[in-house]
Undergrad: 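Below you will find the structure I want to go over with you.
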Amino acid sequence: MIEDENLPEGGAEVENDADAVAAGPTHSGFVALIGPTNAGKSTLVNRLVGAKVSIVSHKVQTTRAIVRGIAIHDNAQIVFMDTPGIFKPRRRLDRAMVTSAWGGAKDADMIALLIDSERGLRGDAEAILEGLQEVQQPKILLLNKIDQVKREDLLALAAAANEKVNFVRTFMISATTGSGCEDLMDYFARELPEGPWYYPEDQISDLPMRQLAAEITREKLFLRLHQELPYASHVETEKWEEKKDGSVRIEQVIYVERESQKKIALGKGGDAIKSISSASRKELSEILEQPVHLFLFVKVRENWGDDPQRFREMGLEFPKG
């Protein structure tokens with residue numbers, strides 16, 4: 001169903017006030033956010049949750065495992081499942097990510113397909129629409145980046161997608177500005193099943209802090225070196241020590257597959273690793289609300305993309321074959 005009125009003139013900030021729970025029965029449920037790579041899923045989840053729970057970069061396939069962001073809206077707790085982008089897999093890691101995305105969709109109460117309105121239904125979006133025809137849960141269509149596309153083109157795109165899949169609602173939004181997001185949150189809060197909340201009202205993610213810290217450093221790594229460092233890099237938090245002075249000491253390892261990649265990660269005179277460490281430390285200090293002493297190390301681990309242990313640490317199932 002296409003609703004033309006979901007083309008708001010200005011952006012709207014999404015409120016996330018757990019203390020303003022309305023009277024009446026509570027609602028709760030899981031919304032799987034799926035879509036092609038770089039459609040804006042992580043940006044949207046962070047917007048709807050009202051805090052950073054998923055990393056964002058210009059590099060495709062940044063999200064590797066399902067990240068759950070938890071939002072309170074009216075009397076509902078909405079658990080957004082930020083899934084890896086769905087694309088045609090070429091490597092073992094690719095297959096694990098795509099399997100994780102579809103698995104998350106099938107476990108959710110609702111599925112929201114996010115489409116980049118500028119790219120339309122080309123490529124991976126077309127294949128996702130075909131896959132959604134086999135999924136039974138209620139499906140919502142979200143057209144993102146509406147501020148970049150003409151109104152008539154948006155309506156044509158919405159009509160084309162609804163011809164292929166029976167979407168119960170279509171929303172036109174901007175994950176960056178927040179346009180249309182308030183209406184989207186109202187809809188989820190109203191339509192999710194009645195029931196108790198799954199998480200404490202002050203929890204915004206199910207990601208352990210050590211893993212979130214590693215994800216933040218991986219984001220800074222991609223932002224700093226996305227044109228130089230190959231996709232095969234991985235960050236692990238190896239040590240987390242709370243100090244008596246209220247600060248925390250964090251030691252992390254950036255794993256790459258070749259010695260040449262290690263030199264890229266370190267940079268000339270260590271300038272790259274210093275920049276990455278500074279940016280990550282600043283954001284971690286803001287999130288933890290305490291001083292952070294961050295120490296980064298770069299190590300070569302050949303073919304880590306074929307190591308089942310690495311997949312388990314990322315929350316992915318290791319594909320056979």
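Computed from a predicted model, the values in this text were never measured in an experiment.
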Undergrad: Taking all heavy atoms of Pro36 and all of Arg119, pick out the closest pair and write down the distance.
TA: CB-NH2, 4.3 Å
Undergrad: Of all the heavy-atom pairs spanning Leu141 and Ala161, show the shortest one and how long it is.
TA: CD2-CB, 3.6 Å
Undergrad: Does the plane of the ring in Phe30 sit parallel, tilted or perpendicular to the ring in Tyr198? Use 30° and 60° as the thresholds.
TA: tilted
Undergrad: Is there a donor in the side chain of Ser280 and an acceptor in the side chain of Thr217, or the other way round, less than 3.5 Å apart?
TA: yes
Undergrad: Is Leu33 close to Phe80 at the side-chain level, that is, under 4.5 Å between some pair of heavy atoms?
TA: no
Undergrad: Would you call His27 and Asn75 a side-chain contact if the rule is heavy atoms closer than 4.5 Å?
TA: yes
Undergrad: Working to the nearest 0.5 Å, report the span between CG of Leu114 and CD1 of Ile140.
TA: 12.5 Å
Undergrad: Salt bridge or not between Glu191 and Arg169? Use side-chain N to carboxylate O under 4.0 Å.
TA: no
Undergrad: Mark yes or no for whether Arg224, through its side chain, and Ile276, through its backbone, hold a donor-acceptor pair below 3.5 Å.
TA: no
Undergrad: Donor-acceptor pair, distance only, cut-off 3.5 Å: does the side chain of Ser247 make one with the backbone of Pro291?
TA: no
Undergrad: Could you check whether Asp147 and Ser179, counting side-chain N and O atoms only, form a donor-acceptor pair closer than 3.5 Å?
TA: no
Undergrad: Taking all heavy atoms of Ala125 and all of Gly120, pick out the closest pair and write down the distance.
TA: CB-O, 3.8 Å
Undergrad: Could you go through the side chain to side chain donor-acceptor pair (under 3.5 Å) check for Asp186 and His73 one step at a time?
TA: CA-CA 7 Å; Asp186 288 344; His73 189 78; 2.6 Å; yes
Undergrad: Using the rule given for side chain to side chain contact (heavy atoms under 4.5 Å, CB included), can you reason through Leu113 versus Leu129, listing the C-alpha separation, both sets of side-chain angles and the distance that settles it, and then say yes or no?
TA: CA-CA 9 Å; Leu113 171 63; Leu129 287 169; 3.6 Å; yes
Undergrad: Given 3.5 Å as the limit, does a donor-acceptor pair link the side chain of Asp74 with the main chain of Ala76, or not?
TA: no
Undergrad: Quick check for you: to the nearest 0.5 Å, what is the distance between Ile70 atom CD1 and Trp197 atom CH2?
TA: 11.5 Å
Undergrad: When rounded to the nearest 0.5 angstrom, what is the spacing between CD1 in Ile264 and CD1 in Ile273?
TA: 12.5 Å
Undergrad: Starting at CD1 of Ile146, measure out to CG of Asp153 and round the result to the nearest 0.5 Å.
TA: 13.0 Å
Undergrad: For Gln77 and Thr26, run side chain to side chain contact (heavy atoms under 4.5 Å, CB included): C-alpha distance rounded to whole Å, both residues' side-chain angles, the deciding distance at 0.1 Å, then the answer.
TA: CA-CA 8 Å; Gln77 184 179 74; Thr26 57; over 6 Å; no
Undergrad: Checking Ser285 side chain against Arg281 main chain: does a donor-acceptor pair fall under 3.5 Å?
TA: yes
Undergrad: If you define the side chain from C-beta out and look only at heavy atoms, does anything of Arg47 sit under 4.5 Å from Thr43?
TA: no
Undergrad: On a heavy-atom basis, which atom in Ile250 and which in Gln252 lie closest, and how many Å separate them?
TA: CG2-CG, 3.8 Å
Undergrad: Considering only NZ, NE, NH1 and NH2 on the basic side and carboxylate oxygens on the acidic side, decide whether Lys263 and Glu259 come within less than 4.0 Å.
TA: no
Undergrad: Is there a donor-acceptor pair under 3.5 Å between the side chain of Ser205 and the backbone N or O of Gly69?
TA: no
Undergrad: Evaluate the side-chain proximity of His293 to Glu241: yes if any heavy-atom separation is below 4.5 Å, no if none is.
TA: no
Undergrad: Under 3.5 Å, side chain of Glu251 to main-chain N/O of Phe295, donor-acceptor pair present?
TA: no
Undergrad: Rounded to the nearest 0.5 Å, what's the gap from CD on Gln148 to CG on Asp116? Could you check?
TA: 9.0 Å
Undergrad: Is there side-chain contact between Val79 and Asp109, with at least one heavy-atom pair below 4.5 Å?
TA: no
Undergrad: Would you say the side chain of Asn166 lies within less than 4.5 Å of the side chain of Lys139, judging by non-hydrogen atoms?
TA: no
Undergrad: How many angstroms lie between CD1 in Ile287 and CE in Met209, if you round to the nearest 0.5 Å?
TA: 7.0 Å
Undergrad: Yes or no on side chain to side chain contact (heavy atoms under 4.5 Å, CB included) for Glu215 and Glu219, after CA distance, side-chain angles and deciding distance?
TA: CA-CA 6 Å; Glu215 286 289 276; Glu219 176 189 58; over 6 Å; no
Undergrad: I need the minimum non-hydrogen distance between Leu48 and Cys181, along with the two atoms involved.
TA: CD2-CB, 3.9 Å
Undergrad: Examine distances only and state if a side-chain atom of Glu238 and a backbone atom of Val253 form a donor-acceptor pair shorter than 3.5 Å.
TA: no
Undergrad: Evaluate the criterion side chain to side chain contact (heavy atoms under 4.5 Å, CB included) for residue pair Val135 and Val165; output intermediate values, then yes/no.
TA: CA-CA 10 Å; Val135 179; Val165 174; over 6 Å; no
Undergrad: Got a sec: does the CD of Glu152 have more than 12 other heavy atoms crowding it under 6.0 Å?
TA: yes
Undergrad: Is Gln136 atom CD crowded by more than 12 heavy atoms from other residues, nucleotides or ligands, each under 6.0 Å away?
TA: no
Undergrad: Side chains of Leu142 and Leu44: does their closest heavy-atom pair fall under 4.5 Å?
TA: yes
Undergrad: Going by heavy atoms in the side chains, are Val248 and Gln290 under 4.5 Å from each other?
TA: yes
Undergrad: Which heavy atom of Ser28 sits nearest to which heavy atom of Pro196, and what is that distance?
TA: OG-O, 2.7 Å
Undergrad: Using modelled atom types and a 3.5 Å cut-off, is there a donor and acceptor pairing between side-chain atoms of Gln137 and backbone atoms of Ala108?
TA: yes
